[in-house]
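Written out below as structure tokens is the structure these notes cover.
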Amino acid sequence: MSKKWICLDFETASGCDLKKAGAYVYAENPTTEITALCYVTHYGYGYELDPAKLSPEDNPGLLAEVNDPEVMFVAHNAAFERAIWREIMVKRFNWPDIPIERWHCTMAVALMKGLPAKLDVLSTVLGFGGKDMEGNKVALGLSKFNKKTGMLDHSPALIRRTSAYCMDDVEKEVKVLRRTHNFYGGERKVWEMDQRINDRGIRIDDKYVHACMGVVQRALPPLLTRFSELTGGLKPTQGEKLKGWLSANGLEIDSLNKETVSRLMGEELEDGPDSDQITQPITMPPVCREALYIRGLAASASVKKLPAMLACQGSDGRARGLMQYHGAGPGRWAGRILQPHNFPRAGLDVGDNQTASPDELMAAIMEGDDSYLRMVFGEPIEAVSAGLRHALVSDEDKTFLIADFKTIEARVVLAVAGQHDALKSFTEGDPYSAMAEKIFHTPVNKKDQPELRQTGKNTILGCGFQMGAPKFQMRYCPKETIEFAQSCIDAYRKDLAPKVVELWYGLERAATEAVWSGEPQEYNGIVYIPEGEWLTCLLPSGRKLWYYGPQKTMKPMPWDINDVRPGWSHLTYKAGRLIRRDAYGGLLTENVVQGMARDLLVHCVFLCEHEQIPTVLTVHDENVCESHTERAKLFRELMTNTPDWAKQYKIPVEIDFMQADRYRK
DNA sequence: CGGCAATGCGCC
DNA sequence: AAACGGCGCATTGCCG
């Protein structure tokens, strides 16, 4: 961090919904205006600007800060302040623009250091007190147009109160800044790249989105009507009430989640329920079957992405601000607004036609002939859901170059553990078949024993982070016995990858010793370091994972409660609250592996950016660039390039590559 | 009416 | 001799 900085915060009002539109579209909206602007300088002086006088001429002090290239602009969620600065301060009031390199984001650093993102929670956790709730209410009241008058309330009292609230936030941000300091190592550059990617955005084909919405709007009403007739006035989204109705109609069901429902629907087709999991005889009354079927279609949340796509589409047709830097623990990006990280994967459940191409699907949706769509792709709503990701398109003169790392986490965990014999099956054969052979002690190949191979795949992907038999059974093979699940677990731990088991305990031991001794501890090149309020984990990439608030614990062993051993726990923010979580080996291993996989991706994104192959989206192990066909060869080379630390661990990186004008999987 | 927690769903 | 993965958003239902 430069020695000179100012920490600033805007309060704004708009007819635009910030949550739905995102900062970029919100700032661009002509009804958006600034209702308060406060800042504190590194000297500690605070300034409240008059929102009616925002020109540079009226604010020479702020202008001097802007004109001094050594002054950093600090904000909490700087993407928002940057957008307001660019769209309003620059375009309406003629301020000079401030480049990304001169911004600092306290939220990004908080996330990097394992702290909550929301300012009031963060402030509470760090001991600075919670948000000024009364001021928050006033500011929120001022932030929206009066529904009756369609106007903003500009009364001087309200403006003053909002400004005071704004200043309160700035003061909290300054405290956060003084406690969290700067990005560690190369992360400053990663954040800047994140801002460039978010600024760049990704083009949305709004004609296609409208066609999709048309299909849904035509398909939905008859389903809702029928559902209402069946259930006596319910909506498909009313889960609890539906359970009651189902019960009254002869179907006891404790969960309406997909797995439970599909099992029940499936059971009926076969010749009876399995003995060990269905405790009561299930007869599926036809009305219940129909209601559940309609619910499956109509309550599907994925088509809700369609209006979200339009809401965050900027005036040039591109959606921006879809990714949150370090939104997930070990440094992965999190999805925002339309959540580009969880588009349904097309193909598996799409009607009868499993081989239709995305182009055919898209053409059928654009055609608007629902009966044709139904004939070729099955339920129209499912077809739309399957084609959702095709709404993201490349610019007309460009194309998407897409690469994802093949089974990267399974490879990284084996490599870090030093289990190179098991890694051979990834590069020389079919790892899932090899795993299945260890479980079933019989030759397995993809074509002849697909079910056995699937079990092998589940085992490899599921077992690297200490998953146990009960969970394995529940997730992958509910029809098998617990003994069978245990045999899969054993095959992984004892036969395929005993060194991974050592890695779990090695990392747990190193981290625990670091917490208890106060000294750095290393295992397989991973170093745990006590650093004041944090325990950090130094990865081979040179990046650190940060665990906030580590504490010594004594853990009774499950096989003997009198056998109590040292461990540690840390604070993590989950489901809106801070919880203390036990740091066990599988978790630490998962964090390290996800972190290293993320760093491999970041390495490649940097290489691509450097070669002017710009990234428009990343999805954990996938890089989506918008470029030209001629660049495909270079792109593929760059995406298989690995940094030196990965070569030392002998991580075998391979990619699946695709070129397409529409996003697809 | 908005805030909050719980639940469910999609992906990696 | 052992184990709880992560994320965001939509919805409901409860509360004030």
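Protein chains get the first letters and strands the later ones, always in sequence-line order, with residue 1 at the start of each.
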Atom pair distance, as rounded to whole Å: CD in A:E508 and C1' in C:dC4: 13 Å

Which of C:dC7, C:dA2, B:dC11 is nearest the side chain of A:A328? It is C:dC7

So does A:Q339 reach the base of C:dA10 with its side chain, donor to acceptor, closer than 3.5 Å? no

A:R598 near the nucleic acid: base, sugar-phosphate alone, or nothing, with a heavy-atom cut-off under 4.0 Å? nothing

Residue list, side-chain hydrogen bond (donor to acceptor under 3.5 Å, both in side chains) with A:S385, at least two apart or on another chain: A:S302

Write down the distance between CZ (A:R336) and C1' (B:dC11), rounded to a whole number of angstrom. 16 Å

Just jot down the side-chain contact (heavy atoms from CB on, under 4.5 Å) partners of A:I337, sequence neighbours excluded, or say none. A:C312, A:L322

Near DNA chain C, which residues from residues 565-572 of chain A have a heavy atom under 4.0 Å away? A:R565

Please set out all donor-acceptor pairs under 3.5 angstrom arising from side-chain atoms of residues 543-556 of chain A, sequence neighbours excluded.
{"residue": "A:R543", "atom": "NE", "partner": "A:D599", "partner atom": "OD1", "Å": "2.7"}
{"residue": "A:R543", "atom": "NE", "partner": "A:D599", "partner atom": "OD2", "Å": "3.1"}
{"residue": "A:R543", "atom": "NH1", "partner": "A:P330", "partner atom": "O", "Å": "3.2"}
{"residue": "A:R543", "atom": "NH2", "partner": "A:P330", "partner atom": "O", "Å": "2.7"}
{"residue": "A:R543", "atom": "NH2", "partner": "A:G595", "partner atom": "O", "Å": "3.2"}
{"residue": "A:R543", "atom": "NH2", "partner": "A:D599", "partner atom": "OD1", "Å": "3.4"}
{"residue": "A:K544", "atom": "NZ", "partner": "A:E531", "partner atom": "OE2", "Å": "2.9"}
{"residue": "A:W546", "atom": "NE1", "partner": "A:K544", "partner atom": "O", "Å": "3.4"}
{"residue": "A:Y547", "atom": "OH", "partner": "A:N591", "partner atom": "OD1", "Å": "2.8"}
{"residue": "A:Y548", "atom": "OH", "partner": "A:E533", "partner atom": "OE1", "Å": "3.0"}
{"residue": "A:T553", "atom": "OG1", "partner": "A:G567", "partner atom": "O", "Å": "3.4"}
{"residue": "A:T553", "atom": "OG1", "partner": "A:W568", "partner atom": "N", "Å": "3.2"}
{"residue": "A:K555", "atom": "NZ", "partner": "A:E508", "partner atom": "OE2", "Å": "3.3"}
{"residue": "A:K555", "atom": "NZ", "partner": "A:D582", "partner atom": "OD1", "Å": "3.4"}
{"residue": "A:K555", "atom": "NZ", "partner": "A:D582", "partner atom": "OD2", "Å": "3.4"}

Cut-off 3.5 Å, no hydrogens considered: what does the side-chain donor-acceptor table look like for residues 487-496 of chain A, sequence neighbours left out?
{"residue": "A:S487", "atom": "OG", "partner": "A:F484", "partner atom": "O", "Å": "2.6"}
{"residue": "A:D490", "atom": "OD1", "partner": "A:Q486", "partner atom": "NE2", "Å": "3.0"}
{"residue": "A:R493", "atom": "NH2", "partner": "A:M467", "partner atom": "O", "Å": "2.9"}

Base, sugar-phosphate alone, or nothing: which one does A:Q324 contact when heavy atoms must sit under 4.0 Å apart? nothing

A:R580 side chain N/O closer than 4.0 Å to the phosphate oxygens (OP1, OP2) of C:dC4? no

Whole Å only: how far is the CG atom of A:N342 from the P atom of B:dG8? 17 Å

Give the nucleotide from the list C:dC7, B:dC12, C:dC4 with an atom nearest to the side chain of A:Y584. C:dC4

Protein-nucleotide distance (A:K665, atom NZ; B:dG10, atom P), rounded to Å: 17 Å

Does the side chain of A:M639 come within less than 4.5 Å of A:L601's, by heavy atoms? yes

side-chain hydrogen bond (donor to acceptor under 3.5 Å, both in side chains) with A:E590: which residues, sequence neighbours excluded? none

Residues at least two apart in sequence or cross-chain that pass ring pair (Phe, Tyr, Trp, His ring centres under 6.0 Å) with A:H326, listed by chain then number, are none

Separation of C:dA3 atom C1' from A:R581 atom CZ, nearest Å, is 13 Å

Would you indicate whether the side-chain heavy atoms of A:R581 and A:L587 approach each other to under 4.5 Å? yes

Check this for me, if you would: do A:E409 and A:R332 make a salt bridge, where the nitrogen-to-carboxylate-oxygen distance has to be below 4.0 angstrom? yes

With rounding to the nearest 0.5 angstrom, report the CD to OH distance, A:E502 to A:Y523. 5.0 Å

Under a 4.0 Å N-O cut-off, is there an ion pair linking A:D563 with A:R565? yes

Rounded distance (Å) that lies between atom C1' of C:dA2 and atom CG of A:D560: 13 Å

Return whichever of A:L587 or A:D563 has its heavy-atom-nearest nucleotide of DNA chain C closer to the 5' end. A:D563

To the nearest 10 degrees, how far apart in direction are the end axes of the helix from B:dC1-C:dG16 to B:dC12-C:dG5, each fit to five base pairs? 10°

Which residues in residues 457-470 of chain A have a heavy atom closer than 4.0 Å to any atom of DNA chain C? A:Q466, A:G468

Among B:dC12, C:dC4, C:dA2, which nucleotide has an atom closest to any side-chain atom of A:V619? B:dC12

Generate the contact string for nucleotides 11-16 of chain C. Rules: B means base contact, S means sugar-phosphate contact only, - means no protein heavy atom under 4.0 Å. SSS---

Tell me: CD1 of A:I337 to P of C:dA10, nearest whole Å? 10 Å

A:K118 versus A:N77, side-chain donor and acceptor atoms under 3.5 Å: no

Rounding to 0.5 Å, atoms CZ (A:R664) and CZ (A:F400) come to a distance of 10.5 Å

Taking NE2 from A:H620 and P from C:dG5, how many angstroms apart are they, rounded to a whole number? 16 Å

Give one of base, sugar-phosphate or nothing for A:F405, where a contact means two heavy atoms less than 4.0 Å apart. nothing

Report the residues that fulfil side-chain hydrogen bond (donor to acceptor under 3.5 Å, both in side chains) with A:E187, sequence neighbours left out, ordered by chain and then residue number. A:Y325, A:R598

Ignoring backbone atoms, establish whether A:R295 has a side-chain N or O less than 4.0 Å from OP1 or OP2 of B:dC9. no

Just checking A:D582: base, sugar-phosphate only, or nothing, at a heavy-atom cut-off of under 4.0 Å? base

Who passes side-chain hydrogen bond (donor to acceptor under 3.5 Å, both in side chains) against A:Y293, sequence neighbours left out? A:E379

